[in-house]
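So the structure is just underneath, and the comments pick up after that.
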Amino acid sequence: MSKHSSGIKISRVSLGVASAILVVAVLAALSILSTGAAPWNGAMKAAAGISQQVSPKQLEQYCPSQMNLADTHSYGDSEFQATTGDITSRTRYVAMGSIFHAQVSDIADAQAENATVLGNTDQNSTDVITASAQSQKNATLFDTRILTTQDGTGAAGALMSWATRGDIVGVSSTSCIATGKRQQLLVPATTSGNTQQLVIANPSDRSISVSMEMWGTTGGPIAMATNSVISIGANKTAYVNLAAAAPKQEALYVSVTSSTSPIATVVRSISMDGLTPHGSDFVVPQHAMACHSVIPMDAHDADSAHIMLFGHADSDVRLKWITKNGAKDAAKQHLDADKVQVVDLHHAPQHTVGVAIESNEPVAATGRMVQNGKDGQQDFACMNAATGFTQAAVAIPEEAGGSVELSNPANRKVKATVEGIGVDGMVASTEHVTLNASGGTSIDLDDLGDNLIAVHVYGDDPVAWGVVTNSKAVDEAQYAGIGYLQATDFNIAKQTVTAHSDLNLVR
């Protein structure tokens, strides 16, 4: 007999044995039921269960290309043509904690064949891996695989670009952006002289369609002048001119939703007054709307500042300056539902490190700070409101200067630890800070060490913070230069899943 036929015979014998066992089990069950000892009433459930904490094992972030003009074509006489001048950029990528692997690749490199793998700069450092680039001409995808979600595990990337000549003189900076299926942004004005280019990246390996919704300062949803549904190919990027889609708005709230795969969005915001540069910066997606949030910003160094607000319900909003000694009233504003409103802030008090937003309904908020340079030049930075983090980090690009702005959203004192991570991956310095109720503080990057690759802030209570950046080259040219790097949350999302048996399911 062949092996094949032998297998069939064995299977039939096993089936017969199994059938006999099943018959005996059924008869035993019937005998129990007939005695009335355990009547079946649908309520029998096993008490035992299994709980397991689950979390993502992959972090995906998008890092845009350096600041650029929305229209790079040449028109008319060369002396009047728009130009990026001597634009320069630096990027930094840092992963910390329980990391299995991290790499960076061009977003168009679908197979990541030319990826740069993060590594240790010092063999004694096993918890921090890093990579950097001297130019960011193309957008990149920062992919991190984690082992466990222990405290202090996460990844942060950052870009800073600057110029001392051309039409985007000043500093533009942004932290890398986590991908998601829906992202919202608060965008500055689409009036004359302002360019708002929405960049929508699809890092997945399949084509997707995205839908857009917008609300402006005129109230209610905006009927877009351009198509509100966009198809984006695999590993491709789409661009939308928001000034053409929704012109003559003092600010916009933009919602972008993907049909299937996660996306990343960012706005290149550029302002001109005729031929005079009035600044540029990246606008990144909002955190979740909240009734209590803080915008970290050293507004006392700004020549002007305003706050953009949006909510889906009518709300009364109160803005407060956050200083080292506590909060001081800044402005009050009634916010109409589905209408963006812009609140101009008067000169900030000394030692201001942030603006607190309090409302009776959840709102989104973004601050815009403006600095003046020589010959009428200006630069600005945009920063989003946040409720704070107990664990967060900011990657510091090479040649970036600036300060860490920390604000306490609570109405009681809190403590936090601020670490400067050196180029060798080791902690270069540690600052233990106590923040007054609704107060904050500012720490120069230079005070945390030389050649920093990251700043790490942690504590038992949430702290809202970010890094305001500048460039030595721009400062020496006597131009205004300001940017902002928002903190990346290192509290990786966790969820507990519980499984238990239920005999009702087999009734």
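Atoms considered below: every heavy atom in the structure, side chains included; atoms not considered: hydrogens, waters and symmetry mates.
The minimum heavy-atom distance between S175 and Q486, with the atom names listed, is OG-O, 2.7 Å. Pairing each heavy atom of V128 with each of G425, the nearest pair is CG2-O, 3.4 Å. Taking each heavy atom of G367 and I295 in turn, the nearest pair found is N-CD1, 3.5 Å. The minimum heavy-atom distance between F490 and G154, with the atom names listed, is CZ-C, 3.4 Å.
Between Q58 and D143, the side chains place a donor N or O and an acceptor N or O closer than 3.5 Å (distance only, hydrogens not considered). T116 and Y93 form no side-chain donor-acceptor contact under 3.5 Å, judged by distance and modelled atom types alone. Side chains of N360 and S315: a donor on one and an acceptor on the other come within 3.5 Å. For the residue pair T164 and D86, a side-chain donor N or O sits within less than 3.5 Å of a side-chain acceptor on the partner. Side-chain atoms of S471 and R90 form no donor-acceptor pair, as typed in the model, at a separation below 3.5 Å. Side chains of S261 and N202: no donor on one and acceptor on the other come within 3.5 Å. A donor-acceptor contact closer than 3.5 angstrom is absent between the side chains of E213 and S211. Counting only N and O atoms by type, the side chains of Q66 and S89 include a donor and acceptor under 3.5 Å apart.
Heavy-atom neighbours of Q134 CD from other residues, nucleotides or ligands within 6.0 Å: above the threshold of 12. With a 6.0 Å radius and a threshold of 12 heavy atoms from other residues, nucleotides or ligands, K236 has its NZ atom at or below the threshold. Within a 6.0 Å radius of CG in D444, more than 12 heavy atoms belonging to other residues, nucleotides or ligands are found.
Tested against M212 for a side-chain contact (heavy atoms from CB on, under 4.5 Å), the candidates V229, L242, T265, T257 yield a single pass: L242. Of the candidates L198, V199, L252, V267 forms a side-chain contact (heavy atoms from CB on, under 4.5 Å) with just one, namely L198.
Between the side chain of D167 and the backbone N or O of T84, no donor-acceptor pair lies under 3.5 Å. Between the side chain of T217 and the backbone N or O of E250, at least one donor-acceptor pair lies under 3.5 Å. Within the 3.5 Å criterion, the main-chain N or O of N114 finds a donor-acceptor partner in the side chain of D109. Remark: side-chain polar atoms of Q61 are paired, donor with acceptor, to backbone N or O of A155 under 3.5 angstrom. Between the E405 side chain and the G466 main chain, no donor and acceptor come within less than 3.5 Å of each other.
The disulfide (SG to SG under 2.5 Å) search around C382 returns none, not counting sequence neighbours. Annotation: ring-ring contact (aromatic ring centres under 6.0 Å, His included) contacts of F380 (sequence neighbours excluded): none.
Applying the side-chain hydrogen bond (donor to acceptor under 3.5 Å, both in side chains) test to residues at least two apart or on different chains, the pairs with a partner in residues 282-295 are Q286-T366, Q286-N384.
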